Amino acid sequence: MMTFKFIHGLVFLALMAGVFASGPSVAAPGDVENGEKIYMKRCVWCHGEEGEGDGPAGDLLVPPPRDFTSGLYKIKTSPFDEDFPNDDDIFRMISDGMPGTDMPAWKDILKNEQDRWDLVAYLKAFAELEEEPGTMVDYGAPVATSVESIAKGQKLFHDGERCSECHGQDGKGDGIKKLKGDNGERTWPRNLTKPWTFRASNDTKDIFTRISTGIPGTQMPSFANPKSKTMLSVEERWHVANYVNSLAKTDKTVRAVNTVVKANRIEGDVPSDPDDPAWDTAELTTFMMVPQIFEKERVFTYTNDTITVSAFYNDKEIAMLLEWDDRTRSIPGDPNIDKIADKVPYEDRVSVQLPVTIPEGTQKPYFINGDTENPVNLLSWRSGTATSPESVSVANATGSENIEERDAANFGLMAKSAYKDGTWRVVMKRPLSTENAQGDLQLVEGRFIPIAFANWDGSNSESGTKHSRTTWYWLLLKPANSAKPYILALIVAGIIFGGLLWWAKAARRNGEV
Ligand code: HEC
Ligand code: HEC
């Protein structure tokens, strides 16, 4: 998974240190004693000595580590009226981890399967679980995906707001409700368009299972329960599962090879409205954002993990469309946001970072607000408050301590936003060249211009250094009628990507995205 938080880095190092200390283990099936030994080395940090989810790192994690004394597990295949999971379920989560959370996949570290089974035995002992239920949800006759099945599923998803009540109209988890898990922790309905955040997976069978048995300990209910007004038959649940599976936004998936925002040249005006149909023909590039954990104040929990960018330019201006999923439209002073935000909300914000001069070599400014030798331009948009409209600002920076606000109107920066069904779409427009050639980046065709993005979810109390951000990528103003620079861009991007790997590795907690 792609989440990485400071403390987790430390925990992970501790865990890795343990790798070398452990010898081969010879254990009987479900050996509780061996399970305990491994637990005390690997799991205790987060799950705590007594299994109550209160290890030293536990406090900082959202969602919090499982409290094993309750015996409740989120990802289970036993029917909804069985409280407890099957042993295979626990084994699977230990082996594969829980994407979108800090629960690592252990199969690469605890290579011996028996060790993982011994852990299953030990975890069950915390809740004195003995026999496993041994029964599974009724899968009936699986319905293969098809246009008809997806259409039926879509209808059932929205009927009486069965799922959209929490997951929103487009499935982005933006149903405006304050949901809490059984332990009082804040939970958010899953953004169903981002399959990499699913705790299990977005395979149709996994989705079917979740719909059938619910997610214990959270407000995600079972739809197999005949007592529920929103109950679904087995066949209906397959249709809904096919629909949910179809929601995955593959055009907005992070792809490691995509490191360049490709601005196409157009005749006439650049689109300045996010709803301008011209954007339908733009080339999208999606970047991964990670929490800002490199400088104080760090952010440990963040909500927006990707940003999608496209751009057009003409002989005078460039317009960039920045899109990201945000469950909450944070307008401080708006009673709607006070209902959903945990604390006093700030404005939502996005910012584009560009170097003041295009570097000649590979040396780029420090990726967080530049450095003394390499200043950056920061072009920002803010969502506005109940009493003030959305706004833009321009600043020059030579490090986070040294950010100097400028006159945005003088610079020529303009922005226009639209928020719908859990997605912000913001167009930022600026002239290619400005009068202040010393202090502003002058945009030119056919060069690889470093570009980075930062994003603030105001209702998650993100402001200042608390935000998520990308590393440096590239902006290329593609010259019309020439494929050459484009091909070159890809080659250069490939080379640069190698250099970026260290960063991506550090940003990735475990395994592949
Ligand atoms: C870095 C912190 C961390 C470590 C170390 C860790 N876990 Fe977890 N674990 C979590 C978190 C956080 C969750 C809850 C995720 C959620 O609720 O979505 C979790 C959940 C679980 C679950 C619940 C699965 C379910 O379906 O609800 C199991 C089982 C589990 N961990 C086992 C282990 C075992 C065994 C180890 C040691 C080998 C371990 N964990 C180490 C953070 C950790
Ligand atoms: C009352 C609110 C609510 C309703 C109604 C609801 N969900 Fe959820 N759903 C949630 C929450 C909260 C989560 C995240 C739980 C967690 O913290 O792990 C979730 C998670 C999920 C997941 C993620 C599974 C995974 O592996 O991570 C899927 C898929 C899902 N819901 C599908 C549905 C479908 C389909 C419906 C309608 C048939 C539905 N939900 C109705 C609240 C709801």
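This structure is a prediction, so every number in the text was calculated from the model and none was measured. Both counts, for ligands and for their atoms, begin at 1 and track the order of listing. FYI, the numbering just counts along the sequence from 1.
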Search all heavy atoms of Lys74 against all heavy atoms of Thr218 and return the closest pair with its distance.
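So the two residues come closest at CE-CG2, 3.6 Å.
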Per-atom contacts, ligand 2 versus Cys166 - under 4.0 Å to a heavy atom:
1 (C), 2 (C), 3 (C), 4 (C), 5 (C), 42 (C), 43 (C)
Are any N, O or S atoms from His47 nearer to atom 8 (Fe) of ligand 1 than 2.8 Å?
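Yes, within the cut-off.
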Over 60° means perpendicular and under 30° means parallel, so tell me whether Trp238 and Phe208 are parallel, tilted or perpendicular.
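Trp238 and Phe208: parallel rings.
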What residue and atom, counting heavy atoms only, is the protein's closest point to atom 40 (N) of ligand 2, and at what distance?
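So the nearest neighbour among protein heavy atoms is His167 NE2, 2.7 Å.
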For this output row, return yes or no: ring centroids of Trp424 and Trp381 closer than 6.0 angstrom.
yes
Who gets closest to atom 14 (C) of ligand 1 by heavy atom: Gly53, Pro64, Pro63, Gly35?
Pro64
Cation-pi, Tyr243 ring and Lys152 (6.0 angstrom, 45 degrees):
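No, Lys152 and Tyr243 do not form such a contact.
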Please classify the Ile75 to ligand 1 contact at 4.0 Å (heavy-atom distances, strictly less than): side chain, backbone, both or neither.
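Looking at Ile75 and ligand 1, atoms from backbone and side chain both fall under 4.0 Å.
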Below 4.0 Å from ligand 1: does a non-hydrogen atom of Ala57 turn up there or not?
no
Do the rings of His47 and Tyr39 sit parallel, tilted or perpendicular, given the 30° and 60° boundaries?
tilted
Flag Asp102 as yes when one of its N or O atoms lies below 3.5 Å from any N or O atom of ligand 1, and as no otherwise.
no
If you measure from each heavy atom of Tyr243 to ligand 2, is any distance below 4.0 Å?
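No heavy atom of Tyr243 comes that close to ligand 2.
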Any N/O/S of Met103 under 2.8 Å from atom 8 (Fe) of ligand 1?
yes
Does Lys74 reach ligand 1 with a nitrogen or oxygen that is under 3.5 Å from one of the ligand's nitrogen or oxygen atoms?
yes
Is it the side chain (CB and beyond), the backbone, both or neither of Ala241 that lies under 4.0 Å from ligand 2, heavy atoms counted?
neither
Regarding atom 34 (C) of ligand 2: of the candidates Pro99, Cys163, Gly153, which has the closest heavy atom?
Cys163
Does Arg199 reach ligand 1 with a nitrogen or oxygen that is under 3.5 Å from one of the ligand's nitrogen or oxygen atoms?
yes
Heavy atom under 4.0 Å from ligand 2: found in Phe198's side chain, backbone, both, or neither?
both
Which residue holds the protein heavy atom closest to atom 10 (C) of ligand 2, what is that atom called, and what is the gap in Å?
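In this structure, atom 10 (C) of ligand 2 has Met220 CB, 3.4 Å as its nearest protein heavy atom.
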Between ligand 1 and Trp45, can you find any atom pair, the residue atom being a heavy atom, that is separated by under 4.0 Å?
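No heavy atom of Trp45 comes that close to ligand 1.
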Shortest reach to atom 29 (C) of ligand 2 by a heavy atom, considering only Thr197, Thr218, Leu247, Leu192
Leu192
